[in-house]
Amino acid sequence: QVQLVESGGGLVQAGDSRRLSCAASGRTSGLYAMGWFRRAPGKEREFVARIHWSGGSTYYSDSAKGRFTISRDNAKNTVYLQMNSLKPEDTAVYYCAASPNYGGTYAYDYNYWGQGTQVTVSS
């Protein structure tokens with residue numbers, strides 16, 4: 001089993017930056033990809049970004065591209081999501097997810113999920 005714990009959420013103002021963290025524990029050696037998803041009020045969960053543990057290959061949604069950066073610290077088994085120029089429409093619960101496979105842009109591509117961390121962006 002793999003456990004994921006997100007942290008770093010909170011209330012910020014439009015234009016601010018925030019960094020989310022996701023600490024992985026348990027059987028992490030079998031993981032290949034880590035992703036960030038979010039769910040805004042009244043909306044479906046959507047893909048934000050993905051990174052591979054080995055090689056660091058990244059992929060972003062159109063809404064995240066240019067503003068958000070996903071990175072990882074293999075020694076700490078931790079993945080980060082640096083969010084810059086935040087907008088009110090970025091308000092959502094952000095979830096970390098892990099996959100033993102390539103890791104795509106759909107929730108079903110991921111086997112393990114964190115509990116989520118709330119990010120609220122005020123205008």
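Computed over heavy atoms, backbone and side chain alike; hydrogens, waters and symmetry mates excluded.
- Taking all atoms of both residues into account, the shortest heavy-atom contact from Leu81 to Ala49 is CD1-CB, 4.3 Å.
- Going from atom OG1 of Thr69 over to atom CG of Asn84 covers 6.5 Å, rounded to the nearest 0.5 Å.
- For the atom pair OG1 (Thr58) and CZ (Arg50), the distance works out to 7.5 Å, reported to the nearest 0.5 Å.
- To the nearest 0.5 Å, atoms CZ (Phe47) and CH2 (Trp36) are separated by 12.5 Å.
- In the hydrophobic clustering of ILVMFWY residues, with side-chain heavy atoms under 4.5 Å counting as a link, Tyr59 and Leu31 come out apart.
- The two residues Thr28 and Val2 make their nearest non-hydrogen contact at N-CG2, 4.5 Å.
- Within the 4.5 Å cutoff, side-chain heavy atoms of Glu6 are placed close to those of Gln115.
- A 6.0 Å sphere centred on CD of Gln3 holds more than 12 heavy atoms belonging to other residues, nucleotides or ligands.
- In this structure, Asn74 contributes its side chain and Trp53 its backbone to a donor-acceptor pair below 3.5 Å.
- The shortest side-chain heavy-atom distance between Ser61 and Phe68 does not fall under the 4.5 Å cut-off.
- A ring-ring contact (aromatic ring centres under 6.0 Å, His included) check over residues 73-103, counting only residues at least two apart or in different chains, returns the pairs His52-Tyr102.
- Within a 6.0 Å radius of NZ in Lys43, other residues, nucleotides and ligands contribute 12 heavy atoms or fewer.
- The two residues Ser123 and Pro88 come nearest to each other via the heavy atoms CB-CG, 3.8 Å.
- Expressed to the nearest 0.5 Å, how far OG of Ser122 lies from CG of Leu86 amounts to 10.5 Å.
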Task: Lys87/Asp90 under salt bridge (charged side-chain N to carboxylate O under 4.0 Å, His left out): CA gap, chis, key distance, verdict - done: CA-CA 5 Å; Lys87 306 174 182 179; Asp90 294 318; over 6 Å; no

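- Across all their heavy atoms, Gly10 and Arg18 have their closest contact at CA-NH2, 3.7 Å.
- Side-chain heavy atoms closer than 4.5 Å link hydrophobic residues (I, L, V, M, F, W, Y) into clusters, and following such links, even through other members, never connects Ile70 to Phe37.
- Note that the OH atom of Tyr32 and the OG atom of Ser54 stand 6.5 Å from one another [nearest 0.5 Å].
- Two residues are said to be in side-chain contact when any heavy atoms from C-beta on lie closer than 4.5 Å; Leu11 and Gln118 fail this criterion.
- Residue Leu20 is not grouped with residue Val93 when hydrophobic side chains (ILVMFWY) are merged at heavy-atom distances under 4.5 angstrom, including chains of intermediate members.
- Sorted by first then second residue, the ring-ring contact (aromatic ring centres under 6.0 Å, His included) pairs that include residues 7-31, not counting sequence neighbours, number zero.
- Residue pairs meeting the side-chain hydrogen bond (donor to acceptor under 3.5 Å, both in side chains) criterion with at least one partner in residues 104-114, sequence neighbours excluded, do not occur; the list is empty.
- Atoms OG and CG, on Ser25 and Leu4 in that order, are 7.5 Å from each other to the nearest 0.5 Å.
- Put simply, the side chain of Arg38 reaches to within 4.5 Å of the side chain of Glu46, judged on heavy atoms.
- The two residues Ser17 and Gln82 make their nearest non-hydrogen contact at CB-NE2, 3.8 Å.
- Scanning both residues, Arg67 and Ser85, for their nearest heavy atoms gives NH1-O, 3.0 Å.
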